[in-house]
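Structure, as structure tokens:
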Amino acid sequence: MTGVRVRFAPSPTGYLHVGGARTALFNWLFARHHGGTFILRIEDTDRTRSTEEAIDQIVASLRWLGLDWDEFYRQTERLSLHQRYAEELLRRGAAYEADGAIWFRMPKEGVTVVHDLIAGKVEFQNREFKDLVILRSDGTPTYNFACVVDDTEMGITHVIRGDEHLPNTPKQLHMYWALGLTPPKFAHIPLILGPDRTKLSKRHGAVSVLEYRRKGILPEAMVNFLARLGWSHGDQEIFSREELIRYFDLDGVGQSPSVFDEQKLLWLNREWMRRLPVDELAELLKEFLVLEGVASSEEIEALPKTTLYRAVELFRDRSRTLVELAHTARMLFPGELAVPAEAQELLQPELAGPFVAIAQALERAGDPSPMGLETTIREVLAQLNLPLKAVALPMRVVVSGSRVGPGLFEVLALVGPKLAAERLHRAAEKLKEMKG
RNA sequence: GGCCCCGUCGUCUAGCGGCCAAGGAUUUCGGGUUCUCAACCCGAAGACAGGGGUUCAAAUCCCCUCGGGGCCA
């Protein structure tokens, strides 16, 4: 255990967005890497805009990402502290009362130097500063002051936060000095931008962490992606949580802002879908089957575990999100499958006969394995004097509802000969109607 | 408007004075791949914002310009 103590300090005025999530992640990784303490501090002094729902959302988001905290605080529970520090500043002559508020005296000449762990040495001209309110007339502290008091009280050693707070830093430094305190070290991380290179916000589309969970992104992928946004470790792209903890440090953090690229997130997500243990992915798939309205809980329970696992193995390479995975799994459940428009042309009337023949063979099939079904079907095709190619794609469309997917016999085995035969019969009937 | 930050392929980035006629990843486009797709393999395209310095040598250091962003008004 080293002395490192860091905190993530969101205001509960809305959902946790990806920028905040990355700040939280960097703090968490820094703490875990150095064997330090990660603190979650809810900055809820703005009572009109803070809500309990927002706190729940933030907590749920951090839990989903697997960022656990060692200590938890709410700023509103600490108001007396802020008042005590304000009085101390008053007594030291560093603050004064005016208009019912308490003001902090900022220097008006010279320069203030911030030694930032990421930005380097940053100088501010003191003549730019004005005195600032630290305690409003209603007794509530303002942001910069509350921050200094809480960070002091919590023994924060490193303040890792977004770049937008860099201009606040000289103000906070002067408060530390006026209080006779040694300030923590500061590390300002560059912002995450939208595709238009402005600060990422709601108008860029999905920005809430929980929205990505809903879209079928895995937490492993989100953490990996967020970590690589502004931080790097040589040429490595895929990082497990353990690797991130091992390798993460502030010297790997860049100085320039980065654009949130959903394409890369999706790529990483598929990479993680391939890496996750099958049973874990299967559990998640069940959840999304229900969420997406693909199947009911009863239907899912009725499915043999081996089928579900096999489906996960076969489909996960072909899906970028859990949502896609769930929709692909549609074929496993009873019921009709819509034929996609781009596959309509494949279904020609003359296929009706072969479909019936194959369906009948499937009903009698003794060996339901992919290889067994292949033997069965090749026999039928030989009798009909048809090459596999003539029926493969149309069959796939009828049985799976898509012209793309795993090998035909894998699909048949997965769907099962009985359900596959049903679908073929129904398709054959429709084709006969077309003919007539 | 003032102050501050940033500027390598479309995007994420490696690079921290010579190993760079700039590497990886993603994206896009070709090719290979017993029915398709995916995966995989091979290949193509694609960047040091511009200009001055410093140096034997600069993507790397300094200055200016331009561009982008953030904060405060």
Side-chain angles (χ1 to χ4, degrees), chain A residues 19 22 106 111-114 116 118-130 132 142-144 161-172 186 188-201 221 224-239 251-271 273-275 313-320 324-325 328 340 342-343 346 370 374 377-378 381 386-412:
Chain A
R22 191 193 54 164
M106 285 294 287
V111 295
T112 303
V113 181
V114 174
D116 191 273
I118 292 166
K121 185 174 156 193
V122 184
E123 294 187 356
F124 294 86
Q125 297 298 320
N126 290 345
R127 70 180 125 77
E128 302 293 333
F129 296 132
K130 285 182 271 189
L132 30 106
T142 54
Y143 171 75
N144 282 305
R161 65 200 346 176
D163 229 357
E164 72 266 29
H165 286 111
L166 189 53
N168 284 324
T169 310
K171 301 173 192 173
Q172 297 184 3
F186 291 94
H188 288 92
I189 57 184
L191 299 177
I192 297 180
L193 273 27
D196 62 353
R197 305 204 77 93
T198 62
K199 194 173 166 183
L200 195 68
S201 72
N224 192 157
F225 177 71
L226 253 19
R228 280 290 286 103
L229 222 45
W231 173 83
S232 62
H233 181 72
D235 283 340
Q236 191 172 340
E237 296 286 351
I238 313 274
F239 293 89
D251 56 13
V253 179
Q255 290 170 286
S256 51
S258 33
V259 173
F260 188 94
D261 179 18
E262 214 167 281
Q263 288 290 336
K264 193 152 184 180
L265 208 210
L266 289 171
W267 168 73
L268 265 173
N269 202 54
R270 214 215 54 229
E271 290 296 319
M273 296 232 291
R274 299 173 65 191
R275 275 156 230 260
E313 282 171 353
L314 289 172
F315 296 157
R316 64 166 157 192
D317 265 358
R318 299 170 170 81
S319 320
R320 297 201 299 179
E324 279 182 31
L325 187 63
T328 308
E342 75 275 11
L346 292 169
E374 176 164 5
I377 285 170
R378 283 194 191 275
L381 290 173
L386 277 174
L388 176 62
K389 202 164 186 145
V391 294
L393 220 46
M395 264 180 78
R396 166 194 299 291
V397 168
V398 167
V399 174
S400 74
S402 169
R403 59 184 297 164
V404 301
L408 176 63
F409 304 108
E410 288 287 359
V411 168
L412 288 172

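Every chain is numbered from 1, with letters handed out A, B, ... down the list of sequences.
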What's the closest nucleotide to the A/Arg274 side chain, out of B/G69, B/A39, B/C12?
-> B/A39

Could you give the distance separating B/C20 and B/U27 at their C1' atoms, to the nearest angstrom?
-> 24 Å

For B/A47 versus B/C4, give the span between their C1' atoms, rounded off to a whole number of Å.
-> 27 Å

Separation of atom CZ in A/Phe129 from atom C1' in B/C4, rounded to whole Å = 10 Å

Please state whether the base of B/G24 and the side chain of A/Glu237 form at least one donor-acceptor pair under 3.5 Å?
-> yes

Watson-Crick or G-U wobble partner of B/C48, both distances under 3.5 Å = none

Given the options A/Asn168, A/Ile118, A/Thr169, A/His188 meets side chain to side chain contact (heavy atoms under 4.5 Å, CB included) only with A/Thr169

Length of the line joining A/Asp196:CG and B/U11:C1', which is rounded to integer Å | 14 Å

In terms of side-chain heavy atoms of A/Leu191, which of B/C37, B/G70, B/A38 is nearest?
-> B/G70

Could you give the CG-to-C1' distance, from A/Asp261 to B/U13, as a whole number of Å?
-> 12 Å

To the nearest angstrom, how far is A/Phe225 atom CZ from B/U27 atom P?
-> 12 Å

The nucleotide from B/G69, B/G2, B/C35 with an atom nearest the side chain of A/Leu393 is B/C35

Can you check whether A/Phe260 reaches A/Arg22 side chain to side chain, under 4.5 Å on heavy atoms?
-> no

Tightest non-hydrogen contact, residues A/Gln236 and A/Ile238, listed as NE2-O, 2.9 Å

Looking at the side chain of A/Pro167, which of B/C37, B/G70, B/C35 is the nearest nucleotide?
-> B/G70

Using the P atoms only, state how far B/C41 lies from B/G50, rounded to an integer number of Å.
-> 35 Å

Heavy-atom pair of closest approach, residues A/Asp116 and A/Ala119 | OD1-N, 2.8 Å

What nucleotide, of B/C35, B/U26, B/C5, holds the atom closest to the side chain of A/Gln263?
-> B/U26

Taken to the nearest whole Å, CZ/A/Arg270 to P/B/A25 is 14 Å

Rounded distance in Å - CH2 (A/Trp231) to C1' (B/A25) = 14 Å

Select base, sugar-phosphate, or nothing to describe what A/Lys199 touches, counting heavy atoms under 4.0 Å on all strands.
-> sugar-phosphate

What pair of heavy atoms forms the shortest contact from A/Arg316 to A/Arg270, and how long is it?
-> O-CG, 3.9 Å

Can you see which heavy atom on A/Pro370 is nearest to which on A/Phe409, and at what distance?
-> O-CB, 3.6 Å

Nearest-nucleotide 5' precedence on RNA chain B, A/Leu166 against A/Lys171 = A/Leu166

Touch check for A/Arg396, heavy atoms < 4.0 angstrom, all strands: base, sugar-phosphate only, or nothing?
-> base

Picking from B/G70, B/C12, B/C3, which would you name as closest to the side chain of A/Thr198?
-> B/G70

As its Watson-Crick or G-U partner within any shown strand, both distances under 3.5 Å, B/C20 has none

Base, sugar-phosphate, or nothing for A/Gly230, non-hydrogen atoms under 4.0 angstrom?
-> sugar-phosphate

Between B/A38, B/U13, B/C12, spot the one nearest the side chain of A/Asp317, thanks.
-> B/A38

Checking all strands, does A/Gln236 fall into the base, sugar-phosphate, or nothing category for heavy-atom contacts under 4.0 angstrom?
-> nothing

If every non-hydrogen atom of A/Pro190 is compared with every non-hydrogen atom of A/Gly254, which pair is closest and at what distance?
-> CG-O, 3.2 Å

Going by heavy atoms in the side chains, are A/Phe124 and A/Lys171 under 4.5 Å from each other?
-> no

How far, in whole Å, is B/A58 from B/C48 if one measures between their C1' atoms?
-> 11 Å

What is the pairing partner of B/U33, taking Watson-Crick or G-U wobble pairs with both distances under 3.5 Å in any strand?
-> none

Would you say the base of B/G23 and the side-chain of A/Asp235 have a donor-acceptor pair closer than 3.5 Å?
-> yes

Nearest-nucleotide pick for A/Glu271, side chain only, options being B/C40, B/G2, B/C12 = B/C40

pair_partner(B/G2), Watson-Crick or wobble, both distances < 3.5 Å, evaluates to B/C71

pair_partner(B/A25), Watson-Crick or wobble, both distances < 3.5 Å, evaluates to B/U11

Counting side-chain heavy atoms from CB outward, which of B/U26, B/C4, B/C12 is closest to A/Val122?
-> B/C4

Per A/Glu164 side chain, nearest of listed nucleotides B/U13, B/C71, B/A25 = B/C71

Spacing of A/Glu374 atom CD relative to B/U36 atom C1', expressed in whole Å = 15 Å

Nearest-Å distance for atom pair CD/P, residues A/Gln125 and B/C72 = 20 Å

Once you apply the 3.5 Å cut-off to both distances, tell me the Watson-Crick or G-U wobble partner of B/A38, or none.
-> none

If you find the nucleotide of RNA chain B closest to A/Glu410 and the one closest to A/Phe124, which residue's nucleotide is nearer the 5' end?
-> A/Phe124

So does A/Lys389 reach the base of B/C35 with its side chain, donor to acceptor, closer than 3.5 Å?
-> no

Would you indicate what A/Pro406 reaches in the nucleic acid, counting non-hydrogen atoms under 4.0 angstrom: base, sugar-phosphate, or nothing?
-> base

